[in-house]
Amino acid sequence: MKIRSIRSYVLRVPLGDKLFYSSQAAFPERNSYLVRVETDSGLVGWGEGGQYGPPEPVAACVDHVFAPKLLGRDPTEPVRIWEELYNVSRDFGQKGTYVEAMSALDIALWDIAGQAVGQPVWKMLGGRFRDSVAAYATGCYYPQDFSRLPELLRALEEEASGYTEAGFEFLKVKIGLLSLKDDIERLRTIRAAVGPAIGMLVDANHAYNAASAIRMGRMMETLDVRFFEEPVVPEDKDAYRRVRAENPIPVAGGECEFTRYGFADLITRGCVDIAQPDLAVCGGFTALKQIVAFSSTYGVQVIPHVWGSGIAVAAALQAIATLPPTPHTANPVPLQNEPVIEFDRKHNPLRDDLLEQRFVLENGRVSIPDGPGLGVTVDEAALQRFTVKT
Ligand code: CA
């Protein structure tokens, strides 16, 4: 079997009045880069690369750098191909766009490798530890008019209650755009709305310096926050280590980290309790397997980050199925030693309407697809509707 064609898709949906803020910026649109790899036997594999940045640079990298090297190659050798592409781009790649392009291709090649033998990717990766995974809702962002605190608190109460009614056991809340005092007020309001049973997680999107992050961590202790995601900028490993040592909340990070080399640095320098590689960013399934081996050696739990289209969610589910409990127990508990999946709840038609399948929450859990490859099918009409440039 040989790769016959590789085609890039840039997908975009403007959010209009559904625009929302993290600590870093407004999100005026949802976008994704997808790659479609077709073989001479007619199999089609899909992959996704990058997260929320403009998809065009990833498309250019696939189209101009990597695709010409892959045409005519055997797609069922993704590990070998990963090493080749990394070595080709090492001198100017290593992190960022080149690795995001490799991620998309790696996911698509594993999709094909599974389809070629009629097995899901989780089987190709060595077997699954679970057939469904507990999900956490990602929500409670900031609205466009984030300065009116009383109105903001009322809206949060309603939004957070909706997640408990939907059956979520965990909720991730954005922090870092407002003062520590106002963000604590938001968290208190949410805690009161959802009650003590819900596991609350927070994500600062690297809004703080170490001193503010440590102060925030201490202020959050009474609210039973289960992890503190991206407290400080990803490059500042010393700040990460300081925050981890001096604040009581477990520290999570890694969605902007790349390959085994990047995660080796994050983990050996004692930065995180929970590593969050994103399949579409870190280098796909091939890199994830290496990162998991490394993390488990150091007792660091892996909970993949996922915020992309349905293809990224499908890839995350396949990968999460294969993560061993960290550490092993006879009764793994979600988040404590059992992985959970990020289930973004903000408006994103690329996640909800792109595939013929839908990922549904049942008793707080999402099933792992069982079909060959990624186990999902792209809805061609939806793809055409969302594609702005091919
Ligand atoms: Ca995040």
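The chain is numbered in sequence order, starting from 1.
Ring orientation note: the planes of Y142 and F146 are nearly perpendicular, at an angle over 60° on the 30°/60° scale.
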Quiz prompt | Evaluation steps, side-chain contact (heavy atoms from CB on, under 4.5 Å), between N247 and V251 | solution = CA-CA 9 Å; N247 113 90; V251 172; 3.7 Å; yes
Exercise. Please test Y98 against F92 for ring pair (Phe, Tyr, Trp, His ring centres under 6.0 Å), starting from the C-alpha separation and ending with a verdict.
Key: CA-CA 8 Å; Y98 281 90; F92 41 85; 5.1 Å; yes
Quiz item: Which is it for Y261 and Y86 under the ring pair (Phe, Tyr, Trp, His ring centres under 6.0 Å) test, yes or no, and what are the steps along the way?
Solution: CA-CA 12 Å; Y261 298 108; Y86 187 76; 5.7 Å; yes
Quiz prompt | Steps toward side-chain contact (heavy atoms from CB on, under 4.5 Å) verdict (R351, D344) | solution = CA-CA 9 Å; R351 178 195 62 225; D344 169 29; 3.0 Å; yes
Quiz prompt | Derivation and outcome, side-chain contact (heavy atoms from CB on, under 4.5 Å), residues V99 and V281 | solution = CA-CA 7 Å; V99 182; V281 173; over 6 Å; no
Self-check item: Test log, rule ring pair (Phe, Tyr, Trp, His ring centres under 6.0 Å), inputs F129 and W122
Solution: CA-CA 9 Å; F129 287 84; W122 59 256; over 10 Å; no
Exercise. Could you please spell out the steps behind the side-chain contact (heavy atoms from CB on, under 4.5 Å) verdict for V333 and E338?
Key: CA-CA 5 Å; V333 179; E338 171 77 353; 5.6 Å; no
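The environment of NZ in K237 is crowded: more than 12 heavy-atom neighbours from other residues, nucleotides or ligands sit within 6.0 Å. With a 6.0 Å radius and a threshold of 12 heavy atoms from other residues, nucleotides or ligands, Q144 has its CD atom at or below the threshold. Within a 6.0 Å sphere centred on CD of E380, other residues, nucleotides and ligands contribute more than 12 heavy atoms. Within 6.0 Å of the CG atom in N363, the count of heavy atoms belonging to other residues, nucleotides or ligands does not exceed 12. Environment of CZ in R148: sparse, with no more than 12 heavy atoms of neighbouring residues, nucleotides or ligands closer than 6.0 Å. The environment of CZ in R269 is crowded: more than 12 heavy-atom neighbours from other residues, nucleotides or ligands sit within 6.0 Å.
We find the CG-CG distance between L354 and D379 to be 7.5 Å, quoted to the nearest 0.5 Å. For the atom pair E342 CD and T138 OG1, the distance stands at 3.5 Å (nearest 0.5 Å). Atom NE2 of H305 and atom CD of E229 lie 6.0 Å apart (nearest 0.5 Å). Separation of atoms CG (L19) and CZ (F27) is listed at 9.5 Å; rounding is to 0.5 Å. How far CD1 of I175 is from SG of C140: 12.0 Å, rounded to the nearest 0.5 Å. In this structure, NZ on K95 lies 3.5 Å from CD on E257, to the nearest 0.5 angstrom.
Nearest heavy-atom pair across E230 and D203 is CB-OD1, 4.2 Å. Of all the heavy atoms in V10 and P55, the pair that sits closest is CG1-CG, 3.9 Å. Between P231 and A204 the shortest heavy-atom distance is CA-CB, 4.3 Å. In terms of heavy atoms, I267 sits closest to S295 at CD1-OG, 3.1 Å. Between R186 and V173, the closest heavy-atom pair is NH2-CG1, 4.1 Å.
At a threshold of 4.5 Å between non-hydrogen side-chain atoms, the residues Y33 and V62 count as touching. Residues V44 and D111 form no side-chain contact, since every pair of their non-hydrogen atoms from C-beta on lies 4.5 Å or further apart. Side chains of S89 and F66 form a contact here, defined as non-hydrogen atoms less than 4.5 Å apart.
Residue V378 is not grouped with residue V37 when hydrophobic side chains (ILVMFWY) are merged at heavy-atom distances under 4.5 angstrom, including chains of intermediate members. In the hydrophobic cluster analysis, where Ile, Leu, Val, Met, Phe, Trp and Tyr join through side-chain heavy atoms closer than 4.5 angstrom, I249 is grouped together with V194. Under a hydrophobic clustering in which Ile, Leu, Val, Met, Phe, Trp and Tyr are joined whenever their side-chain heavy atoms come within less than 4.5 Å, directly or via other members, F343 and I190 fall into the same cluster. Side-chain heavy atoms closer than 4.5 Å link hydrophobic residues (I, L, V, M, F, W, Y) into clusters, and following such links, possibly through other members, connects V292 to V133. V79 and F285 end up in the same hydrophobic cluster when Ile, Leu, Val, Met, Phe, Trp and Tyr side chains are linked at under 4.5 Å.
In summary, E84 and R73 engage in a salt bridge, as defined by a charged side-chain N under 4.0 Å from a carboxylate O. Using a 4.0 Å cut-off between a side-chain N of Lys or Arg and a carboxylate O of Asp or Glu, R90 and E83 do not qualify as a salt bridge. Salt bridge status for E185 with R188: present, with a side-chain N to carboxylate O gap under 4.0 Å. Between K2 and D74 there is no salt bridge, since no side-chain nitrogen of the basic residue lies less than 4.0 Å from a carboxylate oxygen of the acidic one. In this structure, R226 does not pair ionically with D273, as no charged nitrogen and carboxylate oxygen lie closer than 4.0 Å.
Screening L34, V35, V313 for a side chain to side chain contact (heavy atoms under 4.5 Å, CB included) with E48, the sole residue that qualifies is L34. A side chain to side chain contact (heavy atoms under 4.5 Å, CB included) with L11 is found for one member of L383, N31, I311 and no other, namely L383.
Two rings, from F168 and Y136, have their centers 6.0 Å or more apart.
At least one donor-acceptor pair closer than 3.5 Å links the side chain of R191 to the backbone N or O of G195. Panel note: side chain S212, backbone N209; no donor-acceptor pair is recorded below 3.5 Å.
With a 6.0 Å cutoff to the six-membered ring centre and a 45° limit on the axis angle, K346 counts as a cation-pi contact of F20. Taking the centre and axis of the six-membered ring of W307, the NZ or CZ atom of R30 falls inside the cone set by 45° and 6.0 Å.
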